[in-house]
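Structure first, commentary second.
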Amino acid sequence: MEKLFTIFRVSERTVQLGDVIPRPASVRPVTDATFPIVSGTAVSAPPELERVSAHLGLPRAADGAIRLTLDRELPAEGYRLEITADGVTLAGGAPSGVFWGVQTLRQLGPVLPGGVIEDHPRYPYRGAMLDLARHFFTPDEVKAHIDLLIQFKINHLHLHLTDDQGWRLEIPGWPRLTEVGGGPGTGVDGVGPGFLTCAEYADLVAYAADRFVTVVPEIDMPGHVNTVQVAYPELTADGQPVAPRTDAEVGYSSLVAGKEETYAFVEAVLKTVADLTPGPYLHIGGDECMATPPGDYRAFLERVLPIPAAHGKSVIGWHEIAAVDLPENAIVQFWRIEESDEAVARAAASGRRVIVSPADRTYLDMKYDAGSPIGLDWAGHLTVERAYDWDPAERLPGVGEEAILGVEAPLWSETLRSVDDVRYLTFPRLPAVAEVAWSPRGGRDWASFRERLAAFGPRWTAAGINFHRTPEIDWH
Ligand code: TNX
């Protein structure tokens, strides 16, 4: 309880029922009534919600003043929160809905304003990506990151596990991947070493799942594989070893479409990752394959795209994969700055779902402005307002609301060296993208968002979170 609410209540300002990010679908305040959570306030929950109630950190009692329940009539991930002077009733359409309602409670507490909130997400996929390849972050660091993401109802964590500069997941039978790709000297500038053992990865996935976050593992191929070819020279075109690289160039390495060894490697890796991942997705990258001739790219993907389905998973790829015939459940992740993409529109027209991650709106690794000490700028500068003030269903012609699975904010780590760096680029832009992904289109507005965001300044400061104090916001 202490941990839960002290983080969130540091200012003495009166909290209004609608002071929540992402903005709830419906808020009906009742003037005057409040319910204060004090030490000793108890929670009652049926057995199916014990896991969720544990996250409240309050004592349990059969007649607790905070009642958690399930109401299967509510939408998936939706919840209804009713606060009166006597107590709180939080009903969810599923345990996940109750969990998201708890996140709303955390933002409002400990003196809860009276009224009713009815809420549910616009999109089922609300993602954040962390690049562990260009710079490794430890399991504890990733867990701490998850703890911050869930407060904004993010429910997918995409882990970019492999790239030219590093390989961050143990693959049994292929020990040199992590000996070479996770050892000292890996990462951009050679300063981001480390990798996850299978057990550490499984533990991280379970930690995420306990918070209703699905881990989406990415093994990037056929490009972005220099570290693979350092470890296993038989996977290069001529079988000759290549030199390790720690610069931030892209588009120079490729697996070889015409070699059988390639597919033995890919099969082994994807099977391991599928076996370790209970979630429904495997991301196979597919981006920036400038070193793969187009015919080879096609031949490679025709063999590799069906592999996740053979392990019961849906395949996700960066939108370059839309150039080939896609398996039925394939999901395309759009990442460029262009305002249209014919191949992605064709994929959508044929029933494929799209994850929307335009770099000029969602790339957390872009600088805020010219003065940002870290970050890139190839997609321009990304202010909080730009991250907020756009609509996913209006971004790409031919990719409307029904085609969109969700929205994701990637954080590439070429310029990151610490958790403080991760947080500096993530906050406060991630809350902006989270509201784009959760809140109804008609309920969003920048003036309201900037006011609600201002209240997080003292909270993040008190919690030691290194956020960017952008001048766009009048921080409390
Ligand atoms: C493009 S976005 C990449 C990454 C870089 C990133 C830097 C995408 C699918 N590929 O390899 O890290 O830009 O912003």
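Order of listing sets the numbers, starting from 1, for every ligand and every atom in it.
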Worksheet item: Side chains of Tyr252 and Glu288: is there a donor and an acceptor less than 3.5 Å apart?
Response: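 No, no side-chain donor-acceptor contact under 3.5 Å.
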Fill in: Any donor-acceptor N/O pair, Asp220 side chain to His283 backbone, under 3.5 Å
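Side chain of Asp220 to backbone of His283: no pair is present.
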Item to complete: Establish, yes or no, whether the cationic atom of Arg336 lies under 6.0 Å from the six-membered ring centre of Phe334 and within 45° of the ring axis.
Response: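 Judged by the rule (NZ or CZ under 6.0 Å from the ring centre, within 45° of its axis), Arg336 is not positioned above Phe334.
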Worksheet item: Is the charged tip of Arg303 near the ring of Tyr263: under 6.0 Å from the six-membered ring centre and within 45° of its axis?
Response: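 Positive - Arg303 is close enough to the ring of Tyr263 and near enough to its axis.
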By number and element, which atoms of ligand 1 are closer than 4.0 Å to a non-hydrogen atom of [X]?
{"X": "Asp365", "answer": "7 (C), 14 (O)"}
{"X": "Trp318", "answer": "9 (C)"}
{"X": "Met366", "answer": "14 (O)"}
{"X": "Glu414", "answer": "5 (C), 7 (C), 12 (O)"}
{"X": "Leu376", "answer": "7 (C), 14 (O)"}
{"X": "Trp378", "answer": "7 (C), 13 (O), 14 (O)"}

Just need the protein heavy atom nearest to [atom], so name the residue and atom and give the distance.
{"atom": "atom 1 (C) of ligand 1", "result": "Glu288 OE2, 3.2 Å"}
{"atom": "atom 8 (C) of ligand 1", "result": "Asp287 OD2, 3.4 Å"}
{"atom": "atom 2 (S) of ligand 1", "result": "Tyr363 OH, 2.4 Å"}

Worksheet entry | Set of residues satisfying ring-ring contact (aromatic ring centres under 6.0 Å, His included) with respect to Tyr424, sequence neighbours excluded |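 Tyr424 satisfies ring-ring contact (aromatic ring centres under 6.0 Å, His included) with Tyr368, His468 only.
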Practice prompt. Work out whether the distance between some heavy atom of Arg336 and some atom of ligand 1 is less than 4.0 Å.
Written response: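 Outside the 4.0 Å threshold, so no.
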Practice prompt. Say whether Gln333 and ligand 1 are in contact under the criterion: heavy-atom distance to a ligand atom below 4.0 Å.
Written response: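 Gln333: no contact with ligand 1 (<4.0 Å).
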Worksheet item: Can you list the residues that meet the side chain to side chain contact (heavy atoms under 4.5 Å, CB included) rule with Arg469, with sequence neighbours excluded?
Response: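 Partners of Arg469 under the side chain to side chain contact (heavy atoms under 4.5 Å, CB included) test: Thr461, Phe467, Trp475.
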Worksheet entry | Asp131 contact mode with ligand 1 (heavy-atom cut-off under 4.0 Å) |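 None of Asp131 does.
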Discussion item. Would you say CG of Asp420 has more than 12 non-hydrogen atoms from neighbouring residues, nucleotides or ligands within 6.0 angstrom?
Written reply: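 Enclosed.
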Practice prompt. Quick one: sort the Trp378 and Trp335 rings into parallel, tilted or perpendicular, breaks at 30° and 60°.
Written response: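 Aromatic pair Trp378/Trp335 classed perpendicular.
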